[in-house]
Amino acid sequence: MEKLLVLELICVVLVMGNVNYAWGGDGLISPSQLEMFVDEVPDMPRIKGFHLLNASPLPKSLRIGMFSKKWKFHRDLPPTRVFAYGTSKEAATVPGPTIEALHGVETLVKWTNHLPSKHILPWDPTIPTAIPHKGKGIPTVVHLHGGIDEPESDGHSTAWFTSGFKERGPSWTKKTYRYHNLQHPGTLWYHDHAMGLTRVNLLAGLVGAYIIRQPHVELPLGLPYDDEFDRPLVVCDRSFRTDGSIFMNSTGNNPSIHPQWQPEYFGDAIVVNGKAWPYMIVRRRKYRFRIINASNARFFKFYFSNGLGFIHVGSDSAYNEKPLMIKEFLLAPSEIADLIVDFSNSNSDSAILCNDAPYPYPSGDPVNEANSKVMKFIIKAGHVLDKSKIPTKLIKYPSPNLSDASITRYIALYEYASNTDEPMHLYINGKPYEAPVTEIAKVGSTEIWNIINLTEDNHPLHIHLGLFVALDQTELLDVDKFRECMKKINDAIKCQVDKYARGKKIEVPAHEKGWKNVYKMMPGYMTKILVRYSYIHSNASYPFDATAEPGYVYHCHILDHEDNVMMRPLKFTN
């Protein structure tokens, strides 16, 4: 029998970091009124990014639109208005369809915008934002996160367009994006990337998984590789009103400066593949889960309630060199964990995937009953034949070599507060996004980046086009004094960074020592990464002109930070 959804009489206010979040006010539904584990987790529609002609794969052209429609996040919630990707409005889903591409075979996608003139969520034009000249339409642009592709197809923040391409951003160049799929096999995801609107467009539903497969390399590994046992899980958090609509606070921390913008969005309902706290029926065998954290700001520290472990085989878009057994793992917004779970090792007939990461991470509030649970696995009785295996070795890519680095950069992360000590904006290297380009790299080169986090938050840094290896993290001593110097002259060398970066060192976790496109920058630490601008499996250069406009970007992947405006341009020369 469906529960009657009623408004709580008492507003429960949770203070998380610098932001107030209310359950019960604004017509919000308390998560305690939604029963967990009543909806089965869907496997999103799968679309092949290639044709087969006489068993030979050929490039394929897809047309995928963005549509406004209703979506059921929970059995007891009314349908929710969302923005969804799909080949048609009827077929559109949240998250969007999983695109399966083949290594070496191009996929062409014409992304089309069919969204209405008005957004379903509040947004703030006082931060750098894509605003149509005629004031109508919702700007969107699609970024394939982890993709190694030409600048014109990267989904640049200013390459946005509105419905029917009626209005286009200053760096818009083409309707159809070209994905070469020449990189190593692995898991990617696609999402909106419009300037200043990323947080609201993703919150509305514009996310989806993208997998590059290379059968002759991957099948000999013996890992689960078919649709039933190889499942993308797109995880995020949302708040809902009693009418089913997605809630986002319409009042900012500094309303006289930014009427709406807040530094982090958190919702207490944990959503997996478009369902709040779903369940999945599994057999006693090995399953592969490609877990994508598509949250605006929430970190997850995943573990199983019954002590079951994970076999970690890949991080972001790349395989590990060897599988690693872990009991828990931390996943920042936009990070991907490629895992094997062997349910035949379970000593119970169910297992709850749990979370205990504070929010904001790492110094925010502890999880509550609602956001400490993610989904439930119901394990069928009886053992089954399982031909998949866990190999001793996976894929070894050429090891990074510090001597190959042609340049060393210092990248500082700042947060700026108002006179009421509320965050106003965040910058990289003390510069707004529109300041002249300072990071100009050579195609095919290797660089060392030292990322200096002078804030209290952990920032997942994402670099478009480049892949990197995290080397170490060193604590900054007397960080307040160092920050004072950096805010004055913004020069790590002149501020004697080596004098301060000599505290304790944090070793990179074993399962994150491979090639990544996102890494967690610890507050009060300097993180050293080695960045490569070529294919990691071959070290070959790109078959496209990476020096073309509009170039690329790098940014914090907490979406609320990225939008205001912890993002900088990245350009290339030959």
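Each residue takes its place number in the sequence, starting with 1.
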Student: Side chains of D268 and N368: is there a donor and an acceptor less than 3.5 Å apart?
Tutor: yes
Student: Mind checking whether Y535 and H537 have ring centres under 6.0 Å apart?
Tutor: yes
Student: Classify the ring geometry between H462 and H143 as parallel (under 30°), tilted (30 to 60°) or perpendicular (over 60°).
Tutor: tilted
Student: Tell me yes or no: between the side chains of N54 and S56, is some donor less than 3.5 Å from an acceptor?
Tutor: no
Student: Say you draw a straight line from CG of D39 to CG of N273; how long is it, rounded to the nearest 0.5 Å?
Tutor: 12.5 Å
Student: Taking atom NZ of K174 as the centre, report whether more than 12 heavy atoms of other residues, nucleotides or ligands fall under 6.0 Å from it.
Tutor: yes
Student: Restricting to pairs with a member in residues 303-313, which pass salt bridge (Lys or Arg N to Asp or Glu O under 4.0 Å), not counting sequence neighbours?
Tutor: none
Student: Can you tell me how the ring of F67 sits relative to the ring of H114, calling it parallel under 30°, perpendicular over 60° and tilted otherwise?
Tutor: parallel
Student: Specify whether F343 and F289 have parallel, tilted or perpendicular ring planes, treating 30° as the upper limit for parallel and 60° as the lower limit for perpendicular.
Tutor: perpendicular
Student: Side-chain donor-acceptor pair under 3.5 Å between E218 and Y319, yes or no?
Tutor: yes
Student: Quick one, R290 with D230, criterion salt bridge (Lys or Arg N to Asp or Glu O under 4.0 Å). Give me CA distance, side-chain angles, the key distance, then yes/no.
Tutor: CA-CA 8 Å; R290 303 168 189 255; D230 181 355; 2.9 Å; yes
Student: Ion pair present between R178 and D149, side-chain N to carboxylate O less than 4.0 angstrom?
Tutor: no
Student: For the atom pair CD (E100) and CD1 (I47), what is the distance rounded to the nearest 0.5 Å?
Tutor: 10.0 Å
Student: Does the ring centre of Y533 sit less than 6.0 Å away from the ring centre of Y542?
Tutor: no
Student: Regarding H561 and H555, is there a side-chain donor-to-acceptor distance under 3.5 Å anywhere?
Tutor: no
Student: Measure from the ring center of F377 to the ring center of Y287 and say whether it is less than 6.0 Å.
Tutor: no
Student: Other residues, nucleotides and ligands only: do more than 12 of their heavy atoms fall within 6.0 Å of NZ on K322?
Tutor: no
Student: Would you call the rings of W189 and H191 parallel, tilted or perpendicular, where under 30° means parallel and over 60° means perpendicular?
Tutor: tilted
Student: Using a distance-only test with no angle check, is there a side-chain donor-acceptor pair under 3.5 angstrom linking S245 and R81?
Tutor: no
Student: Taking the six-membered ring of F229 (Phe, Tyr or Trp), confirm whether the NZ or CZ of R285 is under 6.0 Å from its centre and within 45° of its axis.
Tutor: yes
Student: Cationic tip of R213 within the cone over F50's six-membered ring, i.e. under 6.0 Å and within 45° of the normal?
Tutor: no
Student: Between H119 and N201, does any side-chain donor sit less than 3.5 Å from a side-chain acceptor?
Tutor: yes
Student: With a 3.5 Å cut-off and no angle check, do the side chains of E150 and S153 form a donor-acceptor pair?
Tutor: yes
Student: For K516, enumerate each residue passing the salt bridge (charged side-chain N to carboxylate O under 4.0 Å, His left out) test, keeping only those at least two apart in sequence or located in another chain.
Tutor: D316, E335
Student: Will you find, in the side chains of H193 and S157, an N or O donor that is under 3.5 Å from an N or O acceptor?
Tutor: yes
Student: Does the side chain of N181 come under 3.5 Å of the side chain of T107 through a donor N or O and an acceptor N or O?
Tutor: yes
Student: Please evaluate residues S534 and N539 with respect to the criterion side-chain hydrogen bond (donor to acceptor under 3.5 Å, both in side chains), reporting the C-alpha separation (whole Å), side-chain torsions for both, the decisive distance (0.1 Å), and the verdict.
Tutor: CA-CA 5 Å; S534 61; N539 207 31; 2.8 Å; yes
